[in-house]
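Only one structure is covered here, and it is reproduced in the block below.
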Amino acid sequence: MIPPELVAEIRRLYYAEHWKVGTIATELGLHYDTVRRALAPERRRRPSKRKTKTAPYLEFIQQTLETYPRLRATRIHEMIRERGYTGGIAQVRRLVRRLRPRVQEAFVRLEAFPGEQAQVDWAHFGLVPVGQALRRLSCFVLTLAYSRAFYLEFFFDQCLENFLTAHVRAFHDLAGCTRNVLYDNMKSVVLERYAERARFHPKLLELCAHYHFQPQLCHPYRGNEKGRVERTIRFIREGFFEARPFTNLVDLNHKALRWRNEALKRPHPDHKPRCVLELFEDEKLRLLPLPQHPFEIELLKPVCSRKTIYVRFDLNDYSIPPQAVGKKLTLAASDTRVRILDGDTVLVTHRRSYHRHQLIENPAHRRALLEQKRKAQGSSALQRLRAAVPEVDSFLQQAIDKGEPLRAVSQKLLLLLSDYGSHELRAAVQTALERQTPRVSSVAFLLSRRRNRSKQKPLPSVEFEHRPDLAELYVKPHPPESYDELSETDDEHS
């Protein structure tokens with residue numbers, strides 16, 4: 001398909017300048033057939049004369065629609081089937097769409113008093129990458145019907161908690177609340193509706209009771225009733241969001257409010273030459289005063305971790321203290337933080353992450369868990385060492401601080417205990433602590449030197465290949481004084 005300008009040039013060169021088709025194709029860099037098609041006379045599409053199945057009922061359908069302009073195509077299909085129509089409903093739908101009389105509806109201009117009404121709606125702004133995740137970006141917009149002042153804030157979802165949080169921030173940003181707030185029939189506002197009767201969401205009613213405003217609903221499919229907020233959303237799309245880069249949600253909202261403050265200086269559409277900011281200053285005096293404390297909003301969710309020190313929320317893992325594993329906890333999430341509660345006690349507070357599959361943890365939780373694991377590893381071995389050498393805890397702590405592995409140090413000390421006994425090992429450990437050399441090699445050197453000075457032969461190594469059942473055998477050592485008592489008892493009996 002070539003543009004009309006090029007077609008006109010081809011026809012001028014051929015008919016006015018008398019160039020040949022090949023010359024035109026070479027000079028303009030076109031294919032020979034393209035030039036031929038441009039020189040061919042235009043073919044007008046002739047209307048089809050094929051008779052359709054709905055043709056005999058055309059006059060009947062037209063008269064019916066003139067009498068009942070809003071009659072559905074399905075009912076017309078039933079009526080003409082009773083009159084002999086054998087075709088499908090798709091043809092009837094197309095014909096009814098073309099023949100239905102279009103009535104241009106007239107509207108009355110809606111006027112609002114200062115401080116009387118605000119209009120609220122969500123707006124979609126596509127998908128944005130957050131780390132490895134794609135999040136739906138939505139904008140909450142609240143517009144004052146009289147002054148056209150507005151508040152906007154971007155979120156990654158349209159959940160009820162974000163909806164209520166945006167209300168609270170909007171009221172405090174505008175320094176007041178209107179007497180009525182107009183909504184569309186969204187699920188965060190109305191649970192069910194029949195005609196003029198509606199059942200509002202209980203959390204929204206709590207917000208209304210706190211700020212003393214009345215919720216109102218538009219009529220179904222009547223977007224014109226909240227045209228001021230719809231016009232504000234269009235103004236945000238064209239005047240702010242398009243071609244404006246941002247790094248994260250905080251940066252986007254900061255830029256949005258800064259742009260909003262400048263946008264309030266624009267001329268008011270109904271009260272020129274006054275600007276929106278001037279009318280907003282007048283309307284502030286008519287707004288309802290705010291209560292002393294803001295309305296608290298958090299998403300509450302029961303959580304429980306059976307094995308690990310993490311609980312999952314929004315596809316991310318948040319750490320909890322090790323002693324909370326296995327308990328039924330409560331997760332309270334706002335748009336900026338995540339709190340884990342055990343009843344009324346706050347166990348930990350994390351920043352909220354909007355990434356996916358992230359690990360958000362408090363380093364103290366991991367250290368506490370490792371400390372428990374460290375105590376649990378070889379607990380019987382540590383009990384044996386503590387019974388023989390009371391100073392072993394201080395020795396192990398200093399060894400860990402110097403980077404020595406606890407398990408390996410404990411096993412080597414147990415071997416030295418088996419070879420040299422508790423008396424010799426305790427003396428060597430005390431000497432190593434005094435010299436600030438908390439290493440197994442230092443203890444082994446001191447033990448070997450004490451044995452060499454006493455001119456004792458080194459102990460032969462014990463092999464357990466033929467008796468593996470003796471490898472774990474342990475005999476608790478007794479103090480030498482107990483043997484003296486036994487000998488004294490034997491002398492008395494003798």
Side-chain angles (χ1 to χ4, degrees), residues 130-133 156-157 159-162 165 203 293 296-414 417 429 433 438 440 472 474 476:
V130 181
Q132 298 179 350
F156 283 134
D157 57 60
C159 67
L160 176 65
E161 289 71 27
N162 288 342
T165 300
K203 293 295 291 185
H293 302 287
E296 293 292 337
I297 304 144
E298 282 185 316
L299 169 64
L300 299 179
K301 178 182 178 183
V303 293
C304 181
S305 177
R306 298 296 181 186
K307 297 181 179 179
T308 66
I309 60 169
Y310 303 100
V311 293
R312 177 154 293 187
F313 171 67
D314 198 16
L315 295 183
N316 293 313
D317 293 327
Y318 296 86
S319 68
I320 58 175
Q323 61 270 20
V325 174
K327 293 184 177 180
K328 294 182 179 180
L329 308 174
T330 302
L331 184 144
S334 67
D335 60 328
T336 57
R337 67 178 183 177
V338 173
R339 298 188 302 156
I340 311 296
L341 297 90
D342 184 5
D344 296 333
T345 305
V346 179
L347 299 178
V348 63
T349 301
H350 294 285
R351 61 169 181 83
R352 181 168 181 177
S353 174
Y354 288 97
H355 293 242
R356 298 288 192 188
H357 309 292
Q358 297 294 307
L359 188 67
I360 300 94
E361 64 177 359
N362 187 335
H365 298 162
R366 178 180 285 271
R367 287 197 298 266
L369 177 63
L370 293 178
E371 185 64 25
Q372 289 183 3
K373 293 293 183 181
R374 196 176 288 123
K375 292 179 179 179
Q377 286 180 352
S379 58
S380 60
L382 286 178
Q383 291 175 2
R384 291 174 57 188
L385 286 173
R386 289 192 184 101
V389 184
E391 297 83 2
V392 72
D393 287 331
S394 178
F395 181 86
L396 291 175
Q397 185 61 46
Q398 295 185 25
I400 292 171
D401 294 341
K402 290 184 176 296
E404 298 287 337
L406 175 64
R407 188 178 182 85
V409 172
S410 302
Q411 290 177 349
K412 291 178 181 179
L413 288 177
L414 283 172
L417 177 63
V429 169
L433 289 174
V440 178
E472 299 295 331
Y474 170 66
K476 182 179 180 180

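Remark: Leu315 CG to Gln358 CD distance equals 11.0 Å, nearest 0.5 Å.
At a threshold of 4.5 Å between non-hydrogen side-chain atoms, the residues Asn316 and Val338 do not count as touching. In this structure, Val389 and Phe395 have side chains that are not in contact, with every pair of non-hydrogen atoms separated by 4.5 Å or more. Between Phe313 and Leu299 there is a side-chain heavy-atom pair separated by less than 4.5 Å. Using a 4.5 Å heavy-atom threshold, the side chains of Arg356 and Asp314 count as touching. Between Asp157 and Asn162, some side-chain heavy-atom pair lies under the 4.5 Å cut-off.
When all heavy atoms are compared, the tightest approach of Ala368 to Pro322 is CB-CG, 3.8 Å. Nearest heavy-atom pair, Tyr310 versus Asp317, reported as atom, atom and distance to 0.1 Å: CB-CB, 4.0 Å. Between Arg312 and Lys301, the closest heavy-atom pair is O-NZ, 4.1 Å.
A donor and an acceptor atom, one from each side chain of Gln397 and Asp401, are located under 3.5 Å apart.
Residues that satisfy the ring-ring contact (aromatic ring centres under 6.0 Å, His included) test with Phe156, not counting sequence neighbours, are Tyr354. For His365, the ring-ring contact (aromatic ring centres under 6.0 Å, His included) test picks out no residue, with sequence neighbours left out.
Remark: Glu296 CD is loosely packed, at most 12 non-hydrogen atoms of other residues, nucleotides or ligands lying under 6.0 Å away.
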Anything under 3.5 Å between a donor and an acceptor, one on a side chain of residues 340-353, the other on a protein residue two or more places apart or in another chain? List them.
| unit_1 | atom_1 | unit_2 | atom_2 | d |
| --- | --- | --- | --- | --- |
| His350 | NE2 | Ser319 | O | 2.9 |
| Arg352 | NH1 | Ser334 | O | 2.9 |
| Ser353 | OG | His355 | N | 3.2 |

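For the pair Arg337 and Glu298, the salt-bridge criterion is met [side-chain N within less than 4.0 Å of a carboxylate O].
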(message) With side-chain contact (heavy atoms from CB on, under 4.5 Å) as the criterion, how do Val392 and Val429 come out once you've worked through the C-alpha distance, each side chain's angles and the decisive distance to 0.1 Å?
(response) CA-CA 7 Å; Val392 72; Val429 169; 5.8 Å; no
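Screening Val303, Leu329, Asn362 for a side-chain contact (heavy atoms from CB on, under 4.5 Å) involving Ile320 leaves a single residue, Leu329.
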